[in-house]
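Sequence positions, counted from 1, serve as the residue numbers for this chain.
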Amino acid sequence: MDRPPENDVCSICHANFHIPCQANCSHWFCGNCILQVWEHGAALQPCKCPLCRREITLIVPCEGSSRQPGGDVVEILQRVERYNRLYGERSNGLMQRMQDLPFLLKRLLRDITDPQRSLPLVIRARVYLAFIVSAIYVISPVDIIPEGLLGIFGLLDDLLIVFVCFLHVAALYRAVLVTRHGGAA
């Protein structure tokens, strides 16, 4: 989703969204509200989502947020960029990456299929190459763990290759989002 759900409100201030931002846990907040949660907590670490308590390492403003009326828009977007510069490239291990995977893959699929969005050609090529190579491996009869000998357990290497491919693609896309919404670090 590139916009918060219709008739939804910010779960922090319970008002209509002002500069809606989506966290890496997929929840939507007003940009200022989520930044206040961070600033009133431990300012040396990322804040936790008020709804699911997951660590927020990336805040993505809604498309067109910079065109919203109000004098505080530029300042809030700059604070979001600062937050993303501090925590956007942060990876707290495999569990964090697995939790972020659905969020990042949904946004990537939307960006790839939307002709109005522009992903860098190098990123597009790397994403397509990762999918093609993993598909060739899954389809090919050559396997690290042979399916003919081990039955269903032989599929584990195929699933592992696909999983690693998705993690790689999500990491690439996270880097694009950090660059896009966090400024040049």
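- Between Glu55 and Gln45 there is no side-chain heavy-atom pair separated by less than 4.5 Å.
- Once rounded to the nearest 0.5 Å, the distance linking CG of Leu51 with SG of Cys25 reads 7.0 Å.
- Between Phe103 and Val60, the closest heavy-atom pair is CZ-CG2, 4.1 Å.
- Linking ILVMFWY residues whenever their side-chain heavy atoms come closer than 4.5 Å, directly or via other members, leaves Ile112 and Leu109 in distinct clusters.
- Between Leu94 and Leu167, the closest side-chain pair of non-hydrogen atoms falls below 4.5 Å.
- Taking all atoms of both residues into account, the shortest heavy-atom contact from Lys48 to Arg53 is CD-O, 3.5 Å.
- Contact detail for Phe29 and Cys10: the closest heavy-atom pair is CA-SG, 4.1 Å.
- Grouping the Ile, Leu, Val, Met, Phe, Trp and Tyr side chains by contacts below 4.5 angstrom, directly or via other members, places Met95 with Leu104.
- Atom CD of Gln99 and atom OG of Ser26 lie 11.0 Å apart (nearest 0.5 Å).
- Across all their heavy atoms, Val9 and Ala15 have their closest contact at CB-O, 3.2 Å.
- To the nearest 0.5 angstrom, Lys106 atom NZ is 14.0 Å from Asp111 atom CG.
- Tyr173 and Met98 fall within the same hydrophobic cluster, defined by Ile, Leu, Val, Met, Phe, Trp and Tyr side-chain heavy atoms under 4.5 Å apart, directly or through other members.
- Put simply, SG on Cys33 and NE2 on His18 are 9.5 Å apart, with the number rounded to the nearest 0.5 Å.
- In this structure, the side chains of Cys30 and Ile12 stay at 4.5 Å or more apart for every pair of heavy atoms.
- Residues Arg174 and Leu58 approach most closely at NH1-CB, 3.7 Å, considering heavy atoms.
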**Asked** Is there a side chain to side chain contact (heavy atoms under 4.5 Å, CB included) between Arg85 and Val178 once you walk through the steps?
**Response** CA-CA 7 Å; Arg85 273 194 308 275; Val178 167; over 6 Å; no
**Worked verdict on Cys62 versus Ile19 for side chain to side chain contact (heavy atoms under 4.5 Å, CB included)** = CA-CA 7 Å; Cys62 181; Ile19 310 172; over 6 Å; no
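- Linking ILVMFWY side-chain heavy atoms closer than 4.5 Å, directly or via other members, places Ile132 and Val169 in two distinct hydrophobic clusters.
- In terms of hydrophobic clustering, with Ile, Leu, Val, Met, Phe, Trp and Tyr side chains grouped at heavy-atom distances under 4.5 Å, Tyr128 and Leu105 are assigned to a common cluster.
- Separation of atoms CG (Leu101) and CZ (Arg97) is listed at 11.0 Å; rounding is to 0.5 Å.
- With side-chain heavy atoms closer than 4.5 Å counting as contact, directly or through intermediates, the hydrophobic cluster containing Val133 also holds Leu129.
- Residues Tyr83 and Leu35 share a closest heavy-atom pair of CB-CD2, 4.2 Å.
- The line from OG1 of Thr57 to CG of Leu86 is 12.0 Å long, rounded to the nearest 0.5 Å.
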**Request:** Show the numbers, then the answer: is there a salt bridge (charged side-chain N to carboxylate O under 4.0 Å, His left out) between Arg54 and Asp100?
**Result:** CA-CA 10 Å; Arg54 275 193 40 213; Asp100 290 350; 2.4 Å; yes
